[in-house]
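Some notes on the structure that comes next.
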Amino acid sequence: MVERKRIEIPEGAKIKESVGEEAEFPFDISPMYEGERVRKGDMYVELGGTSQPGFELVLALPEDQVEDMKVTLVGPDLDEMEEGKAYPYAMIYYIAGSQVEQDLEPVIERRNHDFQNYIEGYMHLNQRYDIWIRISKGAVKKGLKSLIQIAKATMMLFKNELPFIEKIEAVYITDKDLVEKVLNEVAMPIYDERDARVESLHDEDVDEFYSCTLCQSFAPTNVCVVRPDRPSLCGAISWFDGRAAARVDPEGPNKAIPKGDVIDPIGGEYSGVNEFAKEESGGEYDRIKLHSFFEYPHTSCGCFEVIGFYMPEVDGIGWVHRGYPEPAPNGLTFSTMAGQTGGGKQVIGFLGIGISYFRSKKFIQADGGWYRTVWMPKDLKQRVEKYIPEDVRDKIATEEEARTIEELKEFLKKVNHPVVTGVVRPVDGKKITEGWVEEEEEAEEEAVAEEAAVEEAPAAAEQPAVQQVQPAQMAMPMQMPQLPAFQMPQIQVPAQPATAGIKLIIKDAKIYIDKVIVKSEEKKGGK
């Protein structure tokens, strides 16, 4: 177990200290500011984010080692920062109390996201080592001058909302060298220790899962279901953390979810989870499969650590983490895909997850798991390499082998990846994909299709009007075309022919047309 102790501050470091509660704040503090976004044009400074290191950490310590309501700031303060720039940022909290234990550290740590978004003009996104903070120009104009004011407001909220915290102390760091040192030597080992704790526990070993609704301020319909085989999307809450949180704060964002009956043991669908999802999403969703990528996938918030994306060109799934700045082989960056994936939606073809989910033996097992995975950034792959089955480990490409779809195709063909010949999922030995069709067969099929299209064009013009297209499988509002399980819409033909054209009404769909052939019908007897 990683030892919990106070952070050592180097001699000669630039330090500010403040003890005691703040008399008043130059900003409003209210839940009404949850979900407030600080856009780049309104930003005074950025802390952490995509260009600077940053993290948040809670450490449970003995009461005699915590000085209540004390803040220590190491590095330049807000009034010394240049407008428009990004700076490193670490937020460390020491907590103590008779009910405080190490199991509560990640739970309290995650509430930092909750409470800091109560602060007017202060945007907090993500968690752990991915924190992204923006402070607005408006907040600075109203009198916000120091990060110590932010720390005092946050600690006040912690004590008011979580009364089992009897003492709390904060250390905020903006010195880059110290941020990186503490992140690598203290924070990361603790994060890894927490993640490893649940590896021996599985979904079937427990009667309850736990919810996390902290992200509903940004994703109102998101329902995060935390279970032994899959942590929260942000990666910060494990099943043990959810259980600890529900015990000390039963009315908080982490509630027990009775599993109910098993509907699909491979996809991970439970009646109790479905009922909870329907209630917590306001009726938006009523089915979730916890270990499926394509069928009723888990909703995605916005704090997820990794995005999974389907590439129909190779019938495989890629994964990209927040720290990878380049476009994936599909031509999209993490930030671009996050806009499509997040917001509390179920989107077929994109999926947000926590990095710890890669550890799970049930990792998207309904869709082949690692045997359906074809691409990952190198540093992400290295982080989870030991959890990748040995027989497919070297067959998963990184940016070193493929940066485009064409390069990826060539690599997968060269190494004979399972997607090329057809994926057999390990959980039940079922073959779930047919593999790639040879180029010659594709060309022949295209020729046949084109010939058929030419022959059918005149007949289609004589068909009666179509009033509406009803998808054959419309189980939920999803996007993303070209998936193997999709069926073409069934066209309802009215009894009486219409007088003009064809009318198609298609909702919530994207249509891709590779080729259209229009051929006029030749009239007999000249013009």
Side-chain angles (χ1 to χ4, degrees), residues 2-20 22 38 43-59 61 65-95 105 108-109 112-113 115-116 119 121-137 139-140 144-155 158 168-192 236 322-323 325 379:
V2 180
E3 182 183 2
R4 302 315 196 252
K5 60 181 180 179
R6 296 175 64 89
I7 303 302
E8 295 183 7
I9 300 173
E11 291 186 14
K14 179 181 175 60
I15 294 175
K16 274 188 183 180
E17 292 182 339
S18 177
V19 181
E22 201 82 355
V38 178
M43 177 190 82
Y44 182 75
V45 293
E46 184 171 272
L47 305 168
T50 58
S51 62
Q52 294 288 344
F55 70 94
E56 57 194 8
L57 182 68
V58 167
L59 300 174
L61 298 177
Q65 294 185 26
V66 180
E67 188 171 350
D68 195 29
M69 295 303 292
K70 177 182 178 181
V71 180
T72 301
L73 175 65
V74 185
D77 203 351
L78 184 60
D79 58 0
E80 302 170 277
M81 295 179 179
E82 185 179 343
E83 182 177 330
K85 294 295 183 69
Y87 293 85
Y89 197 35
M91 293 177 282
I92 302 159
Y93 300 96
Y94 306 135
I95 58 169
E105 288 178 347
I108 296 168
E109 193 175 291
N112 193 50
H113 169 79
F115 298 145
Q116 290 206 328
I119 298 173
Y122 184 98
M123 182 186 78
H124 179 292
L125 296 176
N126 309 330
Q127 68 297 311
R128 287 191 173 186
Y129 41 73
D130 279 330
I131 60 167
W132 183 9
I133 314 298
R134 279 182 175 174
I135 297 175
S136 72
K137 295 176 184 177
V140 174
L144 176 59
K145 297 180 179 179
S146 175
L147 294 173
I148 289 177
Q149 295 169 305
I150 299 295
K152 290 287 184 74
T154 306
M155 291 194 298
F158 270 122
I168 185 169
E169 180 181 347
V171 177
Y172 279 20
I173 307 172
T174 59
D175 178 280
K176 186 172 184 177
D177 290 341
L178 188 57
V179 169
E180 291 179 336
K181 177 180 173 64
V182 178
L183 172 61
N184 295 326
E185 297 181 6
V186 180
M188 289 304 296
I190 289 176
Y191 299 148
D192 290 340
R322 192 176 295 275
D379 60 337

_For the student: nearest non-hydrogen atoms of Met43 and Gly84, plus distance_ = CE-O, 3.8 Å
*When Tyr89 is tested against each of Phe55, Tyr172, Trp132 for ring-ring contact (aromatic ring centres under 6.0 Å, His included), which residue passes?*
Tyr172
*asked:* Would you say that more than 12 heavy atoms from the other residues, nucleotides or ligands in this model lie under 6.0 Å from the NZ of Lys16, or not?
replied: yes
*Can you check side chain to side chain contact (heavy atoms under 4.5 Å, CB included) on Tyr93 and Thr154, steps first, answer last?*
CA-CA 10 Å; Tyr93 300 96; Thr154 306; 3.4 Å; yes
*Could you check Leu47 against Leu147 for side chain to side chain contact (heavy atoms under 4.5 Å, CB included), going step by step and ending with a plain yes or no?*
CA-CA 11 Å; Leu47 305 168; Leu147 294 173; 4.0 Å; yes
*What closest approach, in Å, do Lys152 and Gly20 show between heavy atoms, and which atom pair accounts for it?*
NZ-O, 2.6 Å
*Rounded to the nearest 0.5 Å, what separation is found between the CE atom of Met155 and the CD atom of Glu22?*
9.5 Å
_Thr174 OG1 to Glu80 CD distance, which is reported to the nearest 0.5 Å_ = 8.0 Å
*Test item: Val140 and Glu83 side chains (from C-beta on) under 4.5 Å apart, heavy atoms*: no
*asked:* Determine whether a donor-acceptor pair (N or O, by modelled atom type, separation under 3.5 Å) exists between the side chain of Thr72 and the backbone of Val171.
replied: no
*May I ask you to test the Ile190-Arg4 pair for a side-chain heavy-atom distance under 4.5 Å?*
yes
_Intermediate values then yes/no, side chain to side chain contact (heavy atoms under 4.5 Å, CB included), Lys14 and Asp175_ = CA-CA 9 Å; Lys14 179 181 175 60; Asp175 178 280; over 6 Å; no
_Heavy-atom pair with the smallest gap, counting every atom of Val2 and Pro189_ = CG2-O, 3.8 Å
*Atom pair CD1 (Ile135) and CG (Leu144), whose distance is rounded to the nearest 0.5 Å*: 5.5 Å
*Short question: side chain of Glu109, backbone of Val58 - any donor-acceptor pair under 3.5 Å?*
yes
*For Met81 and Pro76, work out which heavy atoms get closest and say how close.*
CE-O, 3.5 Å
*Quick one: does Met91's side chain get under 4.5 Å of His124's, heavy atoms only?*
yes
*asked:* Would you compute the distance between atom CG of Leu78 and atom CD of Gln149 and round it to the nearest 0.5 angstrom?
replied: 8.5 Å
_Tell me if a side-chain donor or acceptor on Tyr129 pairs with a main-chain N or O of Asn184 at a distance below 3.5 Å._
no
*Enter the distance from Gln116:CD to Ile131:CD1 here, rounded to the nearest 0.5 Å.*
8.0 Å
*asked:* If you count heavy atoms of other groups shown closer than 6.0 angstrom to CD of Gln65, is the number above 12?
replied: yes
_In the structure I gave you, are the side-chain heavy atoms of Thr50 and Pro325 within less than 4.5 Å of one another anywhere?_
no
_I'd like to know whether Asp68 forms a side chain to side chain contact (heavy atoms under 4.5 Å, CB included) with Ile168, so could you lay out the CA-CA distance, the side-chain angles of the two residues, the decisive distance to 0.1 Å, and finally the verdict._
CA-CA 5 Å; Asp68 195 29; Ile168 185 169; 4.0 Å; yes
*Heavy-atom closest contact (Leu61 atom, Tyr94 atom, distance)*: CD1-CD2, 3.5 Å
*Do Asp79 side-chain atoms and Ser146 backbone N/O form a donor-acceptor pair below 3.5 Å?*
no
*Under 3.5 Å: donor-acceptor pair, side chain of Glu169, backbone of Lys70*: no
*Could you grab the distance from atom CG of Leu57 to atom CD of Glu105, nearest 0.5 Å is fine?*
7.0 Å
*Does a side-chain heavy-atom distance below 4.5 Å link Glu46 with Ser51?*
yes
